[in-house]
Amino acid sequence: MNLTYLRLAFVAVCPVIASALLYILDKRTKFGSIDNRKKQILYGIIFGVLAVIGTEFGVPIEGAVINVRDAAPLCAGLLFGSLAGIISGIIGGTERWFAVLWGAGEHTRLACTMATVVAGLLGAALRKWMFDNKKPLWYYGFAIGVVVEVIYMLMIFFTNVSDVYTAFVFVKRCSLLTVLANAVSVTLAVLVVSFLGKGHRHRDKEYKKLSQTFSRWLMLVILAALCCTSVITFILQTSFSSRNSDALLTLNIEDVKADIEDASDENLLRLTRNVAADINNAGVVNNKLLHEICNKDGNDFSEINYVDKKGIIIYSTNTAFIGFDMYSGKQSRAFTVLLDGVSEFVQGYQSITHDSYVKMKYAGVSLDNGDFVQVGYNAERFRSDIDTLVVGATRNRHVGKSGYILIASDDCIIVSDPNNSSEGQTLEKTGIIINRDSISENVRFECMVYGMACYCMYAVTEGYCIIAVQPVEEVLFSRDLSVYLMAFMEILIFATLFILIYFLIKMLVVENIHRINGALGEITGGNLNVAVDVRTNEEFASLSDDINTTVFTLKGYIAEAAARIDKELEIAKVIQLSSLPCTFPPYPDRTDFDVFASMNAAKEVGGDFYDLYLLDENRLAFLVADVSGKGITAAMFMMKAKTLLKDYAEKEDNVADILTKANEALCEGNDAEMFVTCWMGILNFAEHTVSFANAGHNPPLVRHKNGNFEFYKSRPGFVLGGMEGSKYCQGEFPFNPGDEIYLYTDGVTEATNINNELFGDSRLYNVLNTMADVSAEKICRAVKENVDSFVGEAPQFDDMTMLHLHLLQKNIITLMPCKEKIPEACAFVEKNLEHTEVPVKIITKMNVAVDEIFSNIASYSGASEVKIECCAANGKVLLTFIDNGKPYDPLAKPDPDITKSAEEREIGGLGIYMVKKTMDKVEYQYRCEQNILTLTKFFP
Amino acid sequence: MTITKSSQADELTVALTGRLDTNTSPQLESELKDSLDGIKKLIIDLGALEYISSAGLRVLLSAQKIMKKQGGMVVRGANESVLDVFEVTGFSDILTIEQV
């Protein structure tokens, strides 16, 4: 027996092993790279062969053959693909169809074949549509195994409608094992493959949860319904079957009883009629006559009594009865009907009135003279007459399909046993024990008859015990059939409902949720213009509308907030820009240098800044700095850094000290961990030097007169605000009139174009060196334009800041104040202005002015020398005349009246007047014993 | 400065090239002093004059005064900056300026 189960287990494990091996082969070897279609066909064939093995190695248990045939196609379909499932199902099914030729069961042929094909198809379909071509979870595997086998069982019924009984017996015997073996096999295969492919299974969590909840509740409800209906059916059917059985048993017993009684009554009456005829014929009646008749051949009665009209026995073969009054007892009184006109009466085998221990059967027939004769016989006499009749009455009688009637005599000797020929033996032999005290007649009781559980019922008549026997199995057949069918059908209905609800949920809920989720994902991703539009049902339509409304409202808020932030940032930008010196030239009176700076923030507010201020008449501080990070925080840090630098610049003489102090102050409470790089220089106009210090900033480009722009590299100190105690070194280089310096932040050199190329040092170097003799503003704008055209469409990532400082050449000529030197003076001015942007017309005006002023000095001042300074920058020409003559303010003289006629005109004073009119500004001062006259002329 | 003179009966044309400034004005002044006798119409051609200073104006003014008695003087072809000077100094009201 154990060996049988072992064999079953082995057959069931085959698909599991095959699944595991094929899975490993597919995932861990080169085999996996073969064309999927070919692989599927191969899998189909392998699992088809396994199904065949399941057929051929069926395990016989309790007279039924258990096959593990459907597990293989299911595994193929669920684990390896639809095509594999279909192929293996067809192979397994076809082989089963023909297996009949070499001994497989005939009556389950169609059912087996169909079930195997269905297994393959179902596995394939579920994988494709329900599990999205992924391995199912193990309990789904189990459930599918059960469902397929249930289909198989139902098919056995439906293909054997003509012989439901046989089919049911088969199903009853093999259903549990077949279902379990197949389902467990599939479950194990799924588990093993899942274990091997750990991590490969990606199930949609949300989706699983929703359908899980539904299926769990559905499962509970259906299971409860299954249990309820099964219990109710069981109870009802049991009671119904029992009552049927009762009725059947009773009916049969009554029938047999009637047969026996009829036969024995008829027999005794016939004999009694003969006795009555003899007595009528005899004429004289006495005891002797009765003895003669009694002992006559074929009679052999127990007794004959002669009763007169008064009901008194007057003659009898048993002298003890003579004089017995028939009216005295219940049993005997029944015969008195014969005195009231009834001609014949027969009574059942029973105790007699005279002696209750004696059982007799009597019959009476009235005589011609009005008396009647009573004939009785005892058990032995009765049985010798009746036995054959009794046997005849039950031999061909069936109770139900396989039930029968047993008859035993009073002393429990079997008289009739139609199936087992045990006549003559005791009743115990059959297994029936009737204790008449505890079991009454006509009441069903259960006992083992010939080793088979049977319902029995007995009745006693004419000294016989009639026992009707019906096997319990037969009685409860319909009940069991109903319960099994109901269970099978409900499992099938559950499975169908489950799949239906699964798909309904998927279609109506999950897919819509996915669509909404997709749209929400886009919205979260920043695209607020996405509209959710799922309108398959009212709920989703309403949800879509709600989401759209929410997004719309949000959009409004966001736009509002954005507008507010924009506005604030705009204000911040204005504040930031206004904090930088933005009026150029910053010191209009200073003609000895030309400076320009600009800052272009990548965001509304930036972290770059520049600054420049005169510390005193001879020192100009200038710097460019870059705060780490961008936006508001950088801008705030920038303001702090800028203020600190300016503060310390005014207090300290040394650039290095300025940076060192500023660094200490910036490090203090720098929780945001911000820092700033800075290149700061101080130009000394008297000494013609630039002293500088560098806090981690890019090297500037310096151009010495008549040279090229070159990077001025120095070893930089650490960034400001980066570390307390940082020390900075001061450097110094000569910076003579005509020299230029260009400072910038990395926003210039690291400007990136769409190809991710950097603008770079070399481009900056080249741009600067293509420009000669142009103003600081033009240089800055040219660099900016170059960077912009290089960057093109790419966005600006970093702030871009630059500062250009040009120490202008001082153009001075010292001349003797005589008219002969006028051409020299004019030539000097012309030369100075000829390569600038000053228009020719203005140069002419300057010439006229030089002529007038110089001749004036030559004529009236008495000076020994005149210095003329000329420069053009920042849109104006400055012309200064310095002489050491006697103090004389030409501007003090009143203007000539130019409305006078030619005759009235005075010729003097016209020159100064002309100069005043043609120049934009004419200023006189007497300083250090020198007359200083400064003319200013703006040019466009 | 170069001074080119051409006369036709009692009409004298003086063409000036270059600059009429402090240093060149005396040259023109003496030139005119010698040439104005008997001249009834003086034409000063400033077509090639770059600029004029107050000294030049003085010469023109004295020439104008003389010519007003002898006949007339016309200033012709002055460039923009010269005209500007005339305008500023009120000479445009005194001189007869002809545009070419």
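Residue numbering restarts at 1 for every chain, and letters A, B, ... go by the order of the sequence lines.
- For chain B, no part of A/P896 is nearby; none of its heavy atoms comes within less than 4.5 Å.
- Atoms CD1 and OG, from A/I842 and B/S81 in turn, are 11.5 Å apart once rounded to the nearest 0.5 Å.
- Note that CG of A/L910 is 5.5 Å distant from CG of B/L57, once rounded to the nearest 0.5 Å.
- Here the straight-line distance linking atom OG1 of A/T844 with atom CD of B/E80 works out to 10.0 Å at 0.5 Å rounding.
- Nearest heavy atom pair, residue A/C826 against residue B/R19, reads CB-NH1, 4.0 Å.
- For a residue to count as touching a neighbouring chain, one of its non-hydrogen atoms must lie under 4.5 Å from one of that chain's; by this rule B/Q64 touches chain A with the side chain only.
- Heavy atoms of other residues, nucleotides or ligands lying less than 6.0 angstrom from NZ of B/K5 number more than 12.
- By the neighbour-count criterion of 12 heavy atoms within 6.0 Å, atom NZ of A/K876 is densely surrounded, having more than that number from other residues, nucleotides or ligands.
- In this structure, no portion of B/L95 lies under 4.5 Å from any heavy atom of chain A.
- In the displayed structure, A/Y926 atom OH is contacted under 6.0 Å by more than 12 heavy atoms of other residues, nucleotides or ligands.
- When all heavy atoms are compared, the tightest approach of A/E852 to B/A55 is OE2-N, 4.5 Å.
- Atoms CD and OG1, on A/E820 and B/T22 in that order, are 11.0 Å from each other to the nearest 0.5 Å.
- Both the backbone and the side chain of A/K819 have a heavy atom closer than 4.5 Å to some heavy atom of chain B.
- Contact annotation for B/V88: both backbone and side-chain heavy atoms come within less than 4.5 Å of a heavy atom of chain A.
- A salt bridge links A/K845 and B/D84; the closest N-O separation between the charged side-chain nitrogens and carboxylate oxygens is under 4.0 Å.
- Of the inter-residue distances, the one linking B/N79 atom CG with A/K841 atom NZ reads 10.0 Å to the nearest 0.5 angstrom.
- The number of heavy atoms from other shown groups lying within 6.0 Å of CD (A/E834) is above 12.
- Ranked by non-hydrogen atom pairs under 4.5 Å with chain B, the options A/D851, A/N847, A/V848 are led by A/D851.
- Summarising the local packing, CD of B/E11 is surrounded by more than 12 heavy atoms from other residues, nucleotides or ligands at distances under 6.0 Å.
- More than 12 heavy atoms of other shown residues, nucleotides or ligands fall within 6.0 angstrom of atom NZ in A/K916.
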